[in-house]
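Chain identifiers are assigned alphabetically (A, B, ...) following the order of the sequence lines, protein sequences preceding nucleic acid strands; residue numbering begins at 1 within each chain.
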There are 2 protein chains.
Amino acid sequence: MAKPTPEAPVLPLDTIMSGDCVAAMNSLPENSVDLIFADPPYNLQLRGDLHRPDNSRVDAVDDHWDQFESLKAYDAFTRGWLKAARRVLKPDGAIWVIGSYHNIYRVGATLQDQGFWILNDVVWRKTNPMPNFRGKRLTNAHETMIWASKSEGSKYTFNYEAMKALNEGVQMRSDWTFPICTGHERLKNARGEKAHPTQKPESLLHRLLIGSTNPGDVVLDPFFGTGTTGAVATMLGRHFIGIEREEEYRQIAAERIARVRSLPPAALEVSTSRRTEPRVPFGQLVERGMLRPGEELQSGNGRHRAKIRADGTLAGENIKGSIHQVGAAYEGAPSCNGWTYWHFKREGKSVSIDILRQQIRDEMIKPD
Amino acid sequence: MAKPTPEAPVLPLDTIMSGDCVAAMNSLPENSVDLIFADPPYNLQLRGDLHRPDNSRVDAVDDHWDQFESLKAYDAFTRGWLKAARRVLKPDGAIWVIGSYHNIYRVGATLQDQGFWILNDVVWRKTNPMPNFRGKRLTNAHETMIWASKSEGSKYTFNYEAMKALNEGVQMRSDWTFPICTGHERLKNARGEKAHPTQKPESLLHRLLIGSTNPGDVVLDPFFGTGTTGAVATMLGRHFIGIEREEEYRQIAAERIARVRSLPPAALEVSTSRRTEPRVPFGQLVERGMLRPGEELQSGNGRHRAKIRADGTLAGENIKGSIHQVGAAYEGAPSCNGWTYWHFKREGKSVSIDILRQQIRDEMIKPD
DNA sequence: TGGTTACTTGAATCTGCTA
DNA sequence: CTAGCAGATTCAAGTAACC
C-alpha cells in the first residue's frame, strides 16, 4: 500500500512514530510531506512541569515572573517544532495548526516569523461548547485554525470546487460549524475514562483533508494523540505519519486506525475546477471544421461581431487578435473569457462556442 | 455632562484629539480610562489590482496609513501604541482590539508580552462578506477581536446578565454574527465616496460596550476613524475619547456624533439574531459521518440510484452533481428538492435524508 | 405607488503557463 | 528573472432603475 517513490524514499507511511516530535521529524527526509496538521499542547503554562529551553525547571514563584517565563518557554517550544515541521514540508506543502486564545497568537506570530504564509484563519464554531460556569466571561465557543503555505509563492493545494460542493454550492467560508467530539466517536481508555482530553471531531479533519490534500498525499501529524488525523486520512485514501510520545495514546490510535476501512476510489473523486481540464486552442475548432473561416461570431449580449480567420484569430471592426483579446477590447475590460463571450448561429439559434470546446474535451477524456 | 471627578481630573471627555495616537495617549493622565477599543491598521499587503468576475475593480484598502515596511516595523508600531494604551488604562480596565489574520497574531502576542491578560477572543462572523473572487482560498468571512484585562488579577467589567439577555436568555458565546457596515449607516464624504474604507458596524460596538462597560464609563479609541465608537458610546450614555490623525475623518466623526441622541437602553435593543432556519449543506451529513462516501441513495419513487462522494456530491449513471442536480436530471425536471427526493437504507427501511438535516438543525438552534 | 430587475459594493496578503 | 497572454472566477445586501 505504501509504495515508495523516488520523491519519498524512506517515509514511514501509515505508522505512528514514538518519542519527541522534533527528533522524530528531524529523522525524516526534508521536503517530503504534503501537509502537516498540528494540534499542539497549550497547557504548558502555570504548571509544575514547566521547563526552560535549556531544560532547567521553572519554579512558580511570583505571578508576573511566572507568566513571562511561561510565555518564553512556550515560544521556544513552538519555534522548535515549527522549525522541524518546516524542514520536512514540501515546498508546495501547507500546514494547519489549531489552538485557542491561550496559544494561537504565539503560534501565528511564530509561523509568520519563520516565513510561512498565512492563507486563511478558520474558526471552528462548536455547536455544543462547554458553558462558562462562573459567568465571568463569554462562552468559549470556538477554536482557531491557521492555514499557511510554506512560503509566499507556494502552489498550495486547494480543492475549491470540492469545498464549494460541501457547502451546498456556495463558496466555503472561514467559519466552520461542527459539534465537539462526543458520543461513540469519543474514545475511551481501558479505565473507561475519555482517552484523550482534546480529541478533535473527525468531521473537522474530513473537511480539512478534502480541501487541502489529494488522494495519495502524505499528511504528518506531530501531536498525534489518539489519531483522528490518521483515521480520517486512511478513510479518505491519504497516507499519514503520526508522532506521539505517550505509549497509551499510540496504542489506542493504532487500534482505532486498524478498524478504519478506506473508501473506494470512486467515492474519493471530488468535483474539480475547469482550471484542471485540458486546454483547447480555439484554432482547433477551425481546424476540425466545427467553425469555418469567414464565419461570424456574436457576443453574448448581441452588441458585437467578429469574423473568424483561418489561423483561429478574430477580426473585429478595428481590432484583430485572439477570442479573448477582441472580446476584452470590445468591452473595454482588462480581460475577457472569449469562450463564454462569443456565440455562433446554428439553425437560427445562438450557441456558445464553449459548447464546441466541451465536445472536444469529452473526446479527450474517457467518460466513466 | 462631563463632570470632572478626582479620579479623572483632566480628561478631554467626549472630544476627538488630533495627532499621533501615542503622543495623544501620553498626554492623558495614567490609569484614567475604563475601556479601550482599538481598530489599528491591519497591514494588508496587497499586490496588484483585483477584479471581480464581472471585471469590475475592487476598491482596495491602499491608504497610506496601512503601509508598513516590514513585519518588524509593524511590531514596533504595535508595541508603541499598546504601551501607551496600557499606561492610560485603569488597573481594572480592559482593552478590545480587532484585526484579521494579517495582524491579529502580532497584536495578540504583543498584548501577552506586555502583561495584558486575554479574557476571550471573539469572532465577528460576517453575514455578507466579500467573496474570494479568484477561488484560491476560503471566503474571508470573519474578523477577530481580542478582549483582555490590564493584568491577570484585574476586576474587569463584564455584564453577564445583560449579554445573556441580548442572546435570548442563553450565555453569550464567543462568536458574534453581524452584517458588515453598508447602506444608510455607511458614511459618505463630501465627494460622495465612502468616508472611511473600514467603518465598523454599530451593532458590533453596541454589544461590546453593553458587555464590558457601565453607563458613565470612559471609552478611549486611539484609531477613531469616522467615530463609530464615539457614536455608540454616546448613544449608550458612555463617555468617549477619540484620537484621529486625519482631519477629514475627525470632521465627519464630529458631525456624526453631534447627530446622536442618547437613548434609553430599552429603546436600543435591535434584533440582531436571524430566526430563519439555518441552511444545512448536504456535505455536512458526509463530514459528520451520518452518511458514508460510497453509500448509495435511492429516489423516493425507487426508480433511481446514486452514490455519495466524499465532497457531498452524488455520482449517478451519467451525471455528477449536487443532490438537487442529480435528482432533477433523473426526473427530467428543471429543478428538484434533493432533500425530499433522496432516501437511504437503515435496517432495511428507506429513510429520507431530510431526517438527518433535521437532526443537525436541532443541534444548531442558537440565536447566532 | 408597488413590484421586479439590474446594478453596485465590501479590510483581499486572490492565476498559471510558456517563452 | 520578466513579459505576455490564456482564461477562470462571486455572495449578500442595499440602492437605483424600470415597468
Side-chain angles (χ1 to χ4, degrees), chain A residues 112 116-121 147-149 151-153 155-156 158 160-161 164 167-174 272-277 279-283 312 321-328 333-342 353-354 357, chain B residues 39-63 65-68 71 74 98-104 124 126-144 178-186 188 193-194 196-201 223 225 274 279:
Chain A
Q112 293 179 306
F116 290 98
W117 191 249
I118 299 181
L119 300 169
N120 279 114
D121 53 3
W147 177 34
S149 62
S151 40
E152 184 176 350
K155 307 263 178 275
Y156 56 91
F158 180 51
Y160 174 76
E161 291 293 341
K164 194 171 167 178
N167 198 34
E168 197 80 356
V170 295
Q171 222 171 58
M172 184 67 80
R173 299 166 40 113
S174 57
T272 54
S273 157
R274 275 201 286 184
R275 260 190 282 257
T276 62
E277 294 187 48
R279 179 169 295 200
V280 176
F282 175 72
S322 71
I323 52 173
H324 315 292
Q325 288 167 334
V326 176
S335 70
C336 170
N337 184 342
W339 288 107
T340 52
Y341 183 78
W342 294 108
I353 61 171
D354 210 22
R357 178 170 66 162
Chain B
D39 183 10
Y42 286 8
N43 188 28
L44 300 185
Q45 297 158 49
L46 307 178
R47 299 287 182 257
D49 280 355
L50 178 65
H51 291 85
R52 298 185 183 80
D54 66 2
N55 271 322
S56 61
R57 201 176 70 88
V58 175
D59 185 14
V61 179
D62 51 6
D63 305 71
W65 47 255
D66 199 45
Q67 308 298 323
F68 293 85
L71 270 186
Y74 188 80
I98 185 168
S100 67
Y101 66 81
H102 310 84
N103 71 323
I104 200 66
W124 168 29
K126 304 178 183 184
T127 59
N128 49 350
M130 190 164 76
N132 184 291
F133 296 116
R134 305 303 292 265
K136 301 305 293 180
R137 302 183 180 188
L138 302 164
T139 307
N140 211 344
H142 74 276
E143 294 187 27
T144 301
F178 293 111
I180 60 176
C181 184
T182 58
H184 293 304
E185 190 185 324
R186 190 85 193 208
K188 301 270 196 290
E193 308 153 340
K194 61 184 173 192
H196 193 282
T198 71
Q199 186 181 342
K200 296 294 177 288
F223 306 98
R274 296 178 307 154
R279 189 174 49 84

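- Side-chain contact of S322(A) with H324(A): a donor-acceptor pair under 3.5 Å is absent, judged by distance alone.
- Between the CD atom of Q171(A) and the P atom of dG10(C) there is a distance of 18 Å, given to the nearest Å.
- At a threshold of 4.0 angstrom between heavy atoms, the contacts of Q325(A) are confined to the sugar-phosphate backbone, with no base atom among them.
- When each of R52(B) and F133(B) is assigned the nucleotide of DNA chain C bearing its nearest heavy atom, the one mapping closer to the 5' terminus is R52(B).
- Using a 4.0 Å heavy-atom distance criterion, N43(B) is classed as making no nucleic acid contact.
- For the pair E185(B) and S322(A), nearest-nucleotide mapping onto DNA chain D gives the more 5' position to S322(A).
- The existence of a salt bridge linking R47(B) and E152(A) is confirmed by a sub-4.0 Å separation between a basic side-chain nitrogen and an acidic carboxylate oxygen.
- No side-chain heavy atom of T276(A) sits less than 4.5 Å from a side-chain heavy atom of E161(A).
- A tilted orientation is assigned to the rings of W147(A) and F158(A), their planes being inclined by 30° to 60°.
- For the pair K155(A) and Q199(B), both in contact range of DNA chain C, the more 5′-proximal nearest nucleotide belongs to Q199(B).
- When the nearest nucleotides of DNA chain D are assigned to C336(A) and R279(B) by heavy-atom distance, the more 5′-ward of the two goes with C336(A).
- When heavy atoms are screened at a 4.0 angstrom cut-off, P179(B) is found touching no nucleic acid atom at all.
- The phosphate of dG7(D) has OP1 or OP2 within less than 4.0 Å of a side-chain N or O from H324(A).
- Put simply, the side chain of K200(B) and the base of dA11(C) share a donor and an acceptor less than 3.5 Å apart.
- A donor N or O paired with an acceptor N or O is found under 3.5 Å between the base of dA8(D) and the side-chain atoms of S335(A).
- The side chain of I180(B) has dG10(C) as its nearest neighbour among dT9(D), dG10(C), dA8(D).
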